[in-house]
Structure formats: structure tokens, C-alpha cells
Amino acid sequence: MTASRLAAARRRWRAVVLMLLCVAVFSLMDAGLKTLSTRYPPFQVAALRGASSLPWLLAWALWSTGLAPLLRVRWSLHLLRGALGITMMAAFVYALRTLPLSTAYSIFFVAPLLITALSVPFLGERVGPRRWTAIAIGFAGVLVVLRPTGSGMLTGAGLAVLLAALGYAVSAITVRVLARTDSTQAMVVWLMLLMALGAGLLAWPQWTPLRAADAGLILGIGVAGALGQWAITEAFRLGEASLLAPLEYTALLWGVLLDATVWGVLPDAVTWLGAGIIVASGLYLLRRERAHTEAEHP
């Protein structure tokens, strides 16, 4: 193996390790958010999520790029991302009050399918019949998890996860546009700042005094969120999206592990079936998108 190929292989392995680290710490952060969701209103938890991670991410941004790139930004799109971030986080926290992590993740995995579907009207991208079929099958998997008939999961919590996934998908579309002009550091810092301020204002009428016993948990959420953001940024800097994106599905394993060890619950067979359909659809979609990209840019 030549030196250049060996260096490329090392970069890919480092990217894989960083992506797995990112998924793990974000899962731990979500477990912390689930714990806080039973003690504070959703908008307050969203504000705490943004505020607790902001100092760490701001320090990273100032160290890596300096102040100037944080100020030369497209304010309209950042404000839109802030509103989407607040909606997404508050909806997800609301859902976590009653849903197991594994079930919430299973439904949230529809987000990559939504991103592909929304890229058609918003970005003018072309999606062929095979990818539309994968999207439709993925949504069928969501219906399996939600079980809209009988005593299923089609509740406010299940719909809240779908709303969070939609917010994430639209936010991801704005990132594709912002990435042409704005730095990753600027996108992360302004998202956390706007989330902290916006969600804090919305939570203020029903603000619940923070308990001293939760200080360590809030600090842990902030550190985990910042570490996960740094890890995912570095991972995608070093490795290809087609290599790293499938690793996001390892969150389901973390969700099951945390549900079992912390809350003593496990997903039932129907949830596993629906999650399997969604994940399989997402993996097929990633494969088709990679083939489509390679065909356009040989």
C-alpha cells in the first residue's frame, strides 16, 4: 500500500471512530434530556440544551476560526435554523417524556428520507423512482412503529417525534445552502445561541426553578452536546458522507441499551419490525444516492 493510500485509510478509520463517538455521546445527551423532560417544560429543556453547550462550542469556534467568520453570516437563514432548532428540540423533548429512546429513534430515523424528499422542491435535485420507492417504504415502516390502529403508538408523543424529524430535515436543507457561504462553526454557535435565547423566552412564563441536584446533569448534557458536535464535524471533514451516514443508525443500539439499563424497558417486536424497515430503506437510499453522485461525477 502506498503512503497516500495508507494516509487515506487512516483518515477513514479516524472518521469512523469519531462518528461512532458522536452517536454515543449524543445518545447519552438524549438520555439526559429524557431525564430532564420529567422535571421541566419542553421549551425550558431546549433552552438548557442550547445554553449548556454554547460556551464549549464558542470556545472551539474562536480557537479554530476566530471571531470574524462568526459574524459574516446569512442572518435570515440562521434565524430560520434557530426557529427550526427550537421546534425540533422542544418536540423531541416532549416526546421523550413518555416514549422510550429506542422508539423515538426508530421514528426519527425517517429524517434522512425526508431530507431526500425535500431536496426536490427546495434544492431542485432529481430523485428517481427507486429512491421514491425507498422513501415510501420507509414511511410504511413509520406507520408500523406508530401502529395507528388499535392501542398503538399514534399519540401526541409519536407525532411530536415526526415533527422533530421534519424540523431536522428542513434544517439540514438550510445547512446545504448555508455551507456555501458560512463556516460550520458559525452554523453551530448561532444555532445554540438562538436556541438558548428563543426557547428561553418561550419557556419564561412557565419557567421552573432549577434544582441544584440537576446541575451535574445539565453540565453533562452541555459537554456531551459540544463533544458530539465537534466529533461529527471532524468526522465529516475526514470521511465521505456515504461511509459515515449509515453509522448514525447505531443510535438505535444505544437507545435499547439505555432503555434497558436506566428505565428497564425494551422495544417490542412490532417496533423492531418498523425500525428494521426504516433503517433498510435509509441504507438503500444512501446506496442509491452514492451511485447517483458517482454517475454524475465520475
Side-chain angles (χ1 to χ4, degrees), residues 18 21-37 39-94 96 164 167-168 170-172 174-175 178-179 181-204 206-212 214-237:
L18 285 169
L21 172 65
C22 156
V23 174
V25 295
F26 273 147
S27 299
L28 292 174
M29 181 194 74
D30 289 340
L33 294 174
K34 179 175 175 62
T35 302
L36 288 182
S37 70
R39 304 170 187 172
Y40 305 100
F43 282 117
Q44 185 172 346
V45 176
L48 293 173
R49 156 61 176 127
S52 60
S53 290
L54 181 60
W56 309 99
L57 291 171
L58 182 59
W60 166 63
L62 292 175
W63 174 78
S64 58
T65 63
L67 180 62
L70 299 182
L71 302 178
R72 294 194 299 266
V73 297
R74 299 172 66 177
W75 294 109
S76 58
L77 285 179
H78 281 282
L79 290 173
L80 174 60
R81 283 195 75 224
L84 291 169
I86 293 169
T87 302
M88 177 189 70
M89 184 56 61
F92 193 67
V93 169
Y94 171 81
L96 289 181
Y168 177 85
V170 178
S171 181
T174 65
V175 167
L178 277 173
T181 56
D182 296 9
S183 68
T184 300
Q185 287 85 345
M187 288 188 279
V188 172
V189 167
W190 284 111
L191 177 62
M192 291 299 105
L193 179 59
L194 291 170
M195 186 185 298
L197 293 177
L201 288 174
L202 291 171
W204 188 252
Q206 296 181 321
W207 188 270
T208 300
L210 299 179
R211 305 193 310 179
D214 292 331
L217 180 58
I218 295 170
L219 176 63
I221 288 172
V223 172
L227 179 59
Q229 195 64 56
W230 169 81
I232 196 172
T233 302
E234 282 294 293
F236 278 99
R237 183 179 68 84

What I'd like to find out is whether the side chain of [X] reaches to under 4.5 Å of the side chain of [Y], using heavy atoms alone.
X      : Y      : result
Met88  : Ser171 : no
Gln206 : Gln44  : no
Leu21  : Val25  : yes
Leu58  : Leu70  : yes
Ile86  : Leu194 : no
Val45  : Lys34  : no
Ile221 : Leu48  : no
Pro41  : Thr208 : yes

Check the pair Thr184 / Val188 against side-chain contact (heavy atoms from CB on, under 4.5 Å), numbers first and verdict last.
CA-CA 6 Å; Thr184 300; Val188 172; 4.3 Å; yes
For the residue pair Ser53 and Gln229, confirm or rule out a side-chain donor-acceptor distance under 3.5 Å.
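There is no such pair between these side chains.
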Taking ring pair (Phe, Tyr, Trp, His ring centres under 6.0 Å) as the definition, give me every residue that meets it alongside Phe92, ordered by chain and number, with sequence neighbours left out.
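If we apply the ring pair (Phe, Tyr, Trp, His ring centres under 6.0 Å) test to Phe92, skipping adjacent residues, the hits are Phe108.
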Considering all heavy atoms of both residues, which atom of [X] and which atom of [Y] are nearest to each other, and what is their separation?
X      : Y      : answer
Arg49  : Gly225 : NH1-CA, 3.8 Å
Ala47  : Gly200 : CB-N, 3.5 Å
Trp56  : Ala226 : CB-CB, 3.5 Å
Ala186 : Pro69  : CB-O, 3.6 Å
Ala196 : Gly50  : CB-C, 4.0 Å
Pro42  : Ala90  : CB-O, 3.5 Å

Between Arg81 (side chain) and Met187 (backbone), is there a donor-acceptor pair under 3.5 Å?
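Side chain of Arg81 to backbone of Met187, a donor-acceptor pair under 3.5 Å: yes, one is there.
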Chi angles and distances behind the side-chain contact (heavy atoms from CB on, under 4.5 Å) call for Leu54, Val189
CA-CA 7 Å; Leu54 181 60; Val189 167; 4.2 Å; yes
For [X], does the [atom1] atom have more than 12 heavy-atom neighbours from other residues, nucleotides or ligands under 6.0 Å away?
X      : atom1 : value
Trp63  : CH2   : no
Trp60  : CH2   : yes
Trp207 : CH2   : yes

Measuring from [X]:[atom1] to [Y]:[atom2], what's the distance to the nearest 0.5 Å?
X      : Y      : atom1 : atom2 : answer
Leu36  : Leu96  : CG    : CG    : 10.5 Å
Leu77  : Leu178 : CG    : CG    : 4.5 Å
Leu210 : Leu217 : CG    : CG    : 11.0 Å

Looking at Asp182 and Arg74, is there a salt bridge between them, counting it only when a charged N and a carboxylate O are closer than 4.0 Å?
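Result for this pair is no, no salt bridge flagged.
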How far apart are the C-alpha atoms of Met89 and Tyr168, what are their side-chain angles, what is the distance that settles it, and do they pass the side-chain contact (heavy atoms from CB on, under 4.5 Å) test?
CA-CA 9 Å; Met89 184 56 61; Tyr168 177 85; over 6 Å; no
Check step by step if side-chain contact (heavy atoms from CB on, under 4.5 Å) holds for Asp214 and Tyr40.
CA-CA 11 Å; Asp214 292 331; Tyr40 305 100; 2.6 Å; yes
Between Trp75 and Trp190, ring centroids under 6.0 Å
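Ring centres of Trp190 and Trp75 closer than 6.0 Å.
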